[in-house]
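Since the structure comes first, as structure tokens, the remarks are kept for the end.
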Amino acid sequence: MNMRTPTEPLILASMILTICLCMSTTPKACSSQGDPPGSGSVPGFFIFGDSLVDNGNNNGLLTLARANYRPYGVDFPQGTTGRFTNGRTFVDVLAQLLGFRTFIPPYSRTRGRALLRGANFASGAAGIRDETGNNLGAHLSMNNQVENFGRAVEEMSRFFRGDTEALSCYLSKCIFYSGMGSNDYLNNYFMTDFYNTKSQFTPQAYASSLLQDYDRQLRQLYQLGARKVVVTGVGQIGCIPYELARYQGNSSRCNEEINGAIALFNSGLRKLVDRFNSGRVLPGAKFVYLDTYKSNIDLIENASNYGFTVVDKGCCGVGRNNGQITCLPLQQPCQDRRGYLFWDAFHPTEDANIVLAKMAFTSPSRAYAYPINIQQLAML
């Protein structure tokens, strides 16, 4: 795959700005005329991220980070699609809660007018940094995903007959989701046999470097029209089956070195959301921060309340905690998938995704969604 340099999306964003002036300082009231039917007050949903939300963009890439084989999708209505779980992903459930009657398709298979209702740009193994995930093969980094969204905006502009204000108004009502950072730790910083970032950066310096890059990427999405944006923190990677299978510590169940490094990134991301919401940096934008780390803790500590009986190993996998090798082609998964928090060595089951999405969508607690929940964001 032809990977691009981080500077190219900046050039593309400047070009697109001449096509779409992406609103003035405050979004104007927009007519619903021309909006695709069936999605309520949210006409489009645009998704950026990694394998937690990828739904097929990696299928055609030369990479180990693919899930287009059974038993992945064993409980999904359309079968195996490239989703890294047994059924619906977090954003699939979120799309349903937002009122979409069909799932948001991968960008790799979406062109033309279909782009108006949204597209999923996520790619398994992707990170904020371009080199993240290279150990697994080809992927679309966050820079690549933003670049692809720029192309989508250019294509969507044709359906507004050159009316940049109408396009800007349309995009201002859409929801944008970005879940990045997990692989920057899992398949970069803590993979010292392949990357040297851990020897170059302290945990705090690495978090700061990631946030600086992510700040730029999110600003690019803003320049391209994003106004209602959901960003997720990184979950408890130190407690996933993959890490539990490798962790030899005796003082705690999880790898707290990894969790501690992630906490630095999450703290900085929440502060970034506050800065974006101040009105001075990105006028007219509203960001929501999802504390995935906190919600992961809740699911583990209160597992029985949510119907989970197994929280430390994958439903499908090989070795200790079913986490030493992830789910293999045609492998027989566990029968009681509803009782498992994890589907494989890395990813939640559909049932876990349902619980997490509902928390983010309607929870009145700012511990999970801050400063408002996604339902409130959609109603703005």
Side-chain angles (χ1 to χ4, degrees), residues 1-9 12 46-68 72 81-85 89-92 104-110 119-152 176-191 194-195 197 206-207 209-218 220-221 224 226 229-235 237 240 242 262 265 269 290 292 326 344-348:
M1 192 182 75
N2 182 22
M3 301 301 289
R4 292 175 168 80
T5 64
T7 58
E8 285 178 290
L12 180 69
F46 297 94
I47 299 154
F48 306 83
D50 52 31
S51 59
L52 291 171
V53 293
D54 183 2
N55 63 346
N57 286 311
N58 276 20
N59 288 356
L61 301 183
L62 186 61
T63 177
L64 294 173
R66 292 197 305 191
N68 56 340
Y72 287 93
T81 59
R83 288 166 168 82
F84 289 74
T85 186
T89 66
F90 177 90
V91 292
D92 287 330
I104 303 301
Y107 177 69
S108 60
R109 293 192 288 103
T110 310
N120 187 327
F121 297 86
S123 173
I128 295 168
R129 295 172 67 98
D130 283 339
E131 84 276 7
T132 289
N134 282 348
N135 54 297
L136 295 171
H139 61 278
L140 298 164
S141 68
M142 184 59 173
N143 281 327
N144 297 141
Q145 292 177 38
V146 173
E147 184 178 347
N148 281 339
F149 179 63
R151 293 193 181 95
F176 292 75
Y177 169 96
S178 181
M180 277 290 181
S182 296
N183 284 309
D184 293 293
Y185 288 95
L186 190 62
N187 286 300
N188 193 325
Y189 192 71
F190 285 102
M191 187 166 282
F194 200 93
Y195 302 94
T197 43
Y206 188 65
S209 177
L210 288 178
L211 289 164
Q212 184 177 9
D213 289 341
Y214 204 22
D215 180 315
R216 171 181 52 79
Q217 293 157 351
L218 293 172
Q220 288 174 347
L221 288 181
L224 291 167
V229 185
V230 178
V231 295
T232 67
V234 177
I237 290 178
I240 64 175
Y242 175 84
I262 288 166
F265 173 82
L269 183 57
L290 300 184
T292 311
T326 198
D344 61 12
F346 306 95
H347 308 98

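With sequence neighbours left out, the side-chain contact (heavy atoms from CB on, under 4.5 Å) criterion links A125 to A65, L136, H139. Remark: T81 engages F76, Q78, R83 in a side-chain contact (heavy atoms from CB on, under 4.5 Å) (not counting sequence neighbours). Residues satisfying the ring-ring contact (aromatic ring centres under 6.0 Å, His included) criterion with F90, sequence neighbours excluded, are Y177. For F190, the ring-ring contact (aromatic ring centres under 6.0 Å, His included) criterion is met by no residue, not counting sequence neighbours. Considering only residues two or more places apart in sequence or on other chains, F121 meets the ring-ring contact (aromatic ring centres under 6.0 Å, His included) condition with F48, Y107, F149. For Y214, there are no ring-ring contact (aromatic ring centres under 6.0 Å, His included) partners two or more places apart in sequence or in a different chain.
Under the 3.5 Å distance criterion, with hydrogens and angles disregarded, a donor-acceptor pair is assigned to the side chains of Y195 and N135. Looking only at atom types and distance, the side chain of D92 has a donor-acceptor partner in the side chain of T89 under 3.5 Å away. For the residue pair R216 / N143, a side-chain donor-acceptor distance below 3.5 Å is found, with atom types taken as modelled. Between N188 and T197, the side chains place a donor N or O and an acceptor N or O closer than 3.5 Å (distance only, hydrogens not considered).
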- Task: Evaluate side chain to side chain contact (heavy atoms under 4.5 Å, CB included) for L269 paired with L211, printing each intermediate quantity in order.
- Result: CA-CA 7 Å; L269 183 57; L211 289 164; 4.0 Å; yes
- Task: Please assess F265 against I128 for the test side chain to side chain contact (heavy atoms under 4.5 Å, CB included), listing each intermediate value before the final yes or no.
- Result: CA-CA 12 Å; F265 173 82; I128 295 168; 3.9 Å; yes
- Query: Please walk me through it: do M180 and Q145 pass side chain to side chain contact (heavy atoms under 4.5 Å, CB included)?
  - Reply: CA-CA 11 Å; M180 277 290 181; Q145 292 177 38; 3.3 Å; yes
- Mind running side chain to side chain contact (heavy atoms under 4.5 Å, CB included) on N148 and L140 for me, showing each step along the way? CA-CA 9 Å; N148 281 339; L140 298 164; 4.3 Å; yes
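Contact detail for D130 and S141: the closest heavy-atom pair is OD1-OG, 2.7 Å. Scanning all heavy atoms of the two residues, the minimum distance from G56 to P106 falls at C-CB, 4.4 Å. Of all heavy-atom pairs spanning T63 and R66, the tightest one is CG2-CG, 3.4 Å. Of all the heavy atoms in N55 and P105, the pair that sits closest is ND2-C, 3.8 Å.
A distance of 5.0 Å separates CG in L210 from OH in Y185, rounded to the nearest 0.5 Å. Rounding to the nearest 0.5 Å gives a distance of 4.5 Å between CD1 of I47 and CG of N120. The CD1 atom of I237 lies 4.0 Å from the CD1 atom of I262; values are rounded to the nearest 0.5 Å. Remark: L186 CG to T132 OG1 distance equals 10.0 Å, nearest 0.5 Å.
S123 pairs in a side chain to side chain donor-acceptor pair (under 3.5 Å) with only one of the listed residues (N58, D50, D54, N57), which is N58.
Between Y206 and R129, some side-chain heavy-atom pair lies under the 4.5 Å cut-off. Taking the side chain as every heavy atom from C-beta outward, L221 and M142 approach each other to under 4.5 Å. Taking the side chain as every heavy atom from C-beta outward, N59 and S108 never approach each other to under 4.5 Å.
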